Amino acid sequence: MNGSPLVSARGVRKSFGHLEVLKGIDLDVQRGEVVVVLGPSGSGKSTFLRCINLLERPDGGSIRVDGELVGFRTRGDRVYALSESTIARQRQDIGMVFQHFNLFPHMTVLQNIVEAPTGVRGEARAEAERRALELLDRVGLSEKAHAYPRQLSGGQQQRVAIARALAMRPKVMLFDEPTSALDPELVGEVLETIQDLARDGLTMIVVTHEIGFARNVANRVVFMDEGRIVEEGSADVIDNPTNPRTQAFLSKVL
Amino acid sequence: MHPADVDVGAAVKERHPGRWVATAVVLVLGAQLVHMLVTNPNFEWPVVGQYFTTATVLNGLLTTLGLTVIAMSVGIILGVCLAVSRLSSNTLLKMLAGAYVWFFRGTPALVQLIFWYNLSALMPRLSLGIPFGPEFVVWQTNALISPLLAAVLGLGLNEAAYMAEIVRGGLMGVDPGQTEAAQALGMTRLRALRRIVLPQAMRFIVPPTGSQVINMVKATSLVSVIALSDLLYSVQSIYNRTFQVIPLLLVACVWYLAVTSVLYLGQSFLESYYGRGHSRDSRLSWWDAVLMRDRGTVVRPAAAPELPA
């Protein structure tokens with residue numbers, strides 16, 4: 001863990017109308033660290049994750065990725081919102097995997113993976129396809145390169161979505177409940193893939209309900225409730241929670 | 001108690017005596033119709049044949065086709081812009097596009113056509129310059145607005161209002177998660193629209209657009225009121241001389257049917273193209289085979305051609 005944190009959130013606030021979903025989130029994620037965010041539904045976990053790549057624009061506080069302020073810039077004392085194209089460029093370094101996979105159904109698996117590297121990063125098609133096949137091999141789906149997403153199981157689709165995000169060589173990967181939409185027997189293959197990435201030292205923030213996964217993979221576990229981080233620590237916290245709200249949550253899910 | 005010796009697979013095939021009777025009735029009526037079409041001398045089929053490929057009619061057909069292509073192009077391009085404007089977060093754009101659709105969809109196409117044709121009555125001259133200030137270029141409206149331009153404006157701008165609603169419906173039918181996924185990969189909104197959302201929306205856009213094109217082929221006959229010699233105007237100009245009204249209208253009808261039939265085939269083709277990836281069937285569709293061959297990718301051997309629905 002060298003130097004400054006890769007992701008650094010300070011006092012992040014977000015409201016939807018009158019509902020304050022995030023009430024000041026402070027979180028540092030070091031390079032190579034895997035942080036698992038746990039908490040009841042509606043605690044703001046997903047919203048926080050979506051603030052990191054600006055799918056939601058925070059109402060206050062700040063988020064830095066690799067030292068760079070996300071979505072805004074400062075000049076003197078003033079803060080300005082960045083243009084859409086600059087935000088798009090920042091997002092290239094932040095990979096995201098969604099609960100519902102969100103693969104592009106009109107493209108084959110291979111096209112899904114090379115679309116952004118070629119279209120956004122401007123990589124050569126042949127090189128992008130070579131790397132896409134490598135990534136597919138890594139998630140165990142080489143033979144599905146020319147299939148359409150709809151011809152795959154949920155677990156396979158999510159593994160393709162992971163490969164698609166990795167193809168942009170992101171500095172950090174965000175996982176938004178990656179197994180919540182899967183049939184129980186398909187959860188394992190996706191978690192194994194994520195675990196495999198963790199072993200390679202990829203920095204990851206994972207929002208999940210899979211306590212077992214958190215115990216095995218997390219360098220750090222963060223509990224959120226009602227828009228705040230109520231407790232955090234190593235994976236041991238799961239077995240010895242001190243905060244009453246964490247205890248209440250864990251007693252329900254364990 | 002459920003005896004195990006029953007096998008529903010051996011069920012007696014159902015009979016449908018009613019369907020047989022109905023088929024017989026339809027066949028008889030059909031035969032009668034054909035007999036009447038062939039033997040009734042009032043249709044004057046020899047006259048139909050005589051005029052079917054005359055220069056006047058073919059020129060009219062060409063005008064109709066050309067006008068359809070241009071007016072539809074204007075309609076589709078402007079319609080997509082309007083639809084995107086209506087769905088944008090820019091309030092001014094949203095309101096302008098809404099007002100456009102409200103006006104052009106709410107007034108008859110025929111009136112719009114005549115209005116453009118007679119624009120000079122309203123504004124005898126058009127100019128470019130500084131608002132309320134000096135003018136740089138000035139045109140005489142009458143010289144600028146030819147019947148053809150009036151027709152393109154009248155039909156195209158009217159069509160854009162309908163296409164805007166069709167495209168808007170298609171765009172709204174695409175899961176918002178698709179835009180999010182595209183943005184998360186670093187695509188700008190415009191790129192996400194072009195590469196991800198619009199191609200998926202096409203599945204919803206193509207069928208109603210097919211109807212619009214077929215409507216447009218026939219709607220071009222409105223331009224006969226501004227003396228533009230389209231297919232209908234051409235046959236009218238002939239029967240005004242010869243008084244062979246029915247056979248010449250038949251000439252026009254047969255041509256309209258021929259054109260719309262070809263368009264219908266084109267629509268099926270487009271539907272199967274934009275429907276790719278929407279079947280769980282892992283066989284390659286006809287289109288995938290074509291696309292992959294073009295890109296030099298190996299086509300898997302089991303590829304059974306799938307005919308467009």
Side-chain angles (χ1 to χ4, degrees), chain A residues 49-50 52-56 83-121 125-126 129 143-153 161 164-165 167-168 170 173-174 176 181, chain B residues 88-90 170 173-206 270-285 287-289 291-293 295-303 306:
Chain A
L49 206 64
R50 291 161 60 83
I52 298 176
N53 70 352
L54 230 75
L55 284 182
E56 305 292 350
S83 70
E84 206 221 327
S85 59
T86 316
I87 292 171
R89 190 185 52 68
Q90 289 185 330
R91 285 190 182 123
Q92 294 173 21
D93 294 333
I94 307 170
M96 181 145 189
V97 173
F98 297 85
Q99 183 179 353
H100 294 288
F101 334 132
N102 296 357
L103 291 179
F104 307 134
H106 61 303
M107 297 180 173
T108 63
V109 164
L110 191 67
Q111 288 167 339
N112 261 278
I113 300 176
V114 301
E115 176 62 28
T118 55
V120 176
R121 281 232 202 263
R125 177 146 226 115
E129 285 190 359
E143 77 284 10
K144 298 292 186 190
H146 298 294
Y148 282 101
R150 228 156 270 211
Q151 296 158 354
L152 306 180
S153 74
R164 179 175 70 176
M168 291 297 279
M173 283 279 278
L174 313 175
D176 188 6
Chain B
S88 86
S89 50
N90 183 326
V174 177
D175 174 15
Q178 292 288 311
T179 309
E180 286 192 350
Q183 288 184 314
L185 285 165
M187 292 189 210
T188 57
R189 227 181 271 266
L190 196 65
R191 186 174 186 89
L193 178 76
R194 193 163 57 79
R195 296 286 304 170
I196 307 301
V197 180
L198 205 50
Q200 292 181 57
M202 288 305 274
R203 267 184 71 236
F204 310 110
I205 294 173
V206 168
L270 276 179
E271 277 178 33
S272 80
Y273 173 70
Y274 284 109
R276 70 195 190 280
H278 268 272
S279 138
R280 282 176 181 275
D281 194 337
S282 60
R283 278 179 313 173
L284 286 173
S285 76
W287 255 105
D288 299 319
L291 291 177
M292 284 188 186
R293 194 181 51 214
R295 293 225 327 268
T297 318
V298 183
V299 177
R300 283 179 296 171
E306 231 175 47

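As the structure is a computational prediction, the values presented were derived from the model and not from experiment. Below, read A as the first sequence line, B as the second, and so on, with proteins coming before strands; counting in each chain starts at 1.
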message: Can you tell me which of Glu180(B), Arg189(B), Met187(B) forms the most heavy-atom pairs within a distance under 4.5 Å of chain A?
response: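 The residue among Glu180(B), Arg189(B), Met187(B) with the greatest pair count is Glu180(B).
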- request: Determine the option with the most heavy-atom pairs under 4.5 angstrom with chain B, choosing from Phe104(A), Phe98(A), Phe101(A).
  value: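 Of the options given, most contacts go to Phe104(A).
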Listed partners of Asp93(A) passing salt bridge (Lys or Arg N to Asp or Glu O under 4.0 Å), at least two apart: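 With sequence neighbours excluded, Asp93(A) shows a salt bridge (Lys or Arg N to Asp or Glu O under 4.0 Å) to Arg121(A), Lys171(A), given in chain and number order.
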With a 4.5 angstrom heavy-atom cut-off, is it the side chain or the backbone of [X] that approaches chain B, or both, or neither?
| X | answer |
| --- | --- |
| Ile87(A) | neither |
| Ile94(A) | backbone |
| His100(A) | neither |

Looking only at heavy atoms, what is the nearest atom pair of [X] and [Y], with distance?
| X | Y | result |
| --- | --- | --- |
| Leu185(B) | Gln92(A) | O-CG, 4.2 Å |
| Asn102(A) | Gly177(B) | ND2-O, 3.0 Å |
| Gln200(B) | Pro105(A) | OE1-CG, 3.2 Å |
| Arg191(B) | Gly119(A) | NH2-CA, 3.0 Å |
| Ala88(A) | Thr188(B) | CB-CG2, 4.0 Å |

message: Using only atom types and a distance under 3.5 Å, with no angle test, would you say the side chain of Gln90(A) pairs donor to acceptor with the backbone of Gly186(B)?
response: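 Judged by distance alone, no pair lies under 3.5 Å.
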message: Tell me which pairs pass salt bridge (charged side-chain N to carboxylate O under 4.0 Å, His left out) where either residue lies in residues 192-203 of chain B, with sequence neighbours left out.
response: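 Pairs touching residues 192-203 of chain B that pass the test: Glu115(A)-Arg195(B).
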- prompt: Is the closest side-chain heavy-atom distance between Met107(A) and Pro199(B) below 4.5 Å?
  reply: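 Counting from C-beta outward, Met107(A) and Pro199(B) never come under 4.5 Å.
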